[in-house]
Amino acid sequence: MQRVEATFSPLPFDVEAARQYGMIAAEVIAVGRKPRGRVADLMIASVAAANKVPLFTTNPADYRGLDSVVTVVPVSVPASAP
């Protein structure tokens, strides 16, 4: 974690991310899912959308139905070291 923190600057949850959050929550509802209980995932997606960057995740199903708002890039979970 320290290595990541030293390498990257975090993207803020700012006014534009908050606007994106509203749109993303509406998309989640439109596909028949509930945004409640998924706040952290939706905040991550909204920050990515606000900054026009793809969202890399090992759990792409968490972002199903958000293709119109954010680009989701599935990432494989690395194999455990022996």
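For A45 against L66, the heavy-atom pair with the smallest separation is CB-CD1, 4.4 Å.
Counting heavy atoms from C-beta outward, R33 and I29 have side chains that stay 4.5 Å or more apart.
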Distance-only check: which donor-acceptor pairs under 3.5 Å involve side-chain atoms of residues 50-58, not counting sequence neighbours?
unit_1	atom_1	unit_2	atom_2	d
N51	ND2	V47	O	2.8
T57	OG1	N59	N	2.9

Throw together a table of side-chain donor-acceptor distances under 3.5 angstrom for residues 15-28, partners on residues two or more places apart or in other chains.
unit_1	atom_1	unit_2	atom_2	d
E16	OE1	R19	NH1	3.4
E16	OE2	Q20	NE2	3.1

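Hydrophobic clustering (ILVMFWY, side-chain heavy atoms < 4.5 Å, transitive): V39 and I44 are in one cluster. In the hydrophobic clustering of this structure, L11 groups with M43; members are Ile, Leu, Val, Met, Phe, Trp, Tyr whose side-chain heavy atoms approach within less than 4.5 Å, directly or through other members.
Separation of atoms CG (L42) and OH (Y63) is listed at 7.5 Å; rounding is to 0.5 Å.
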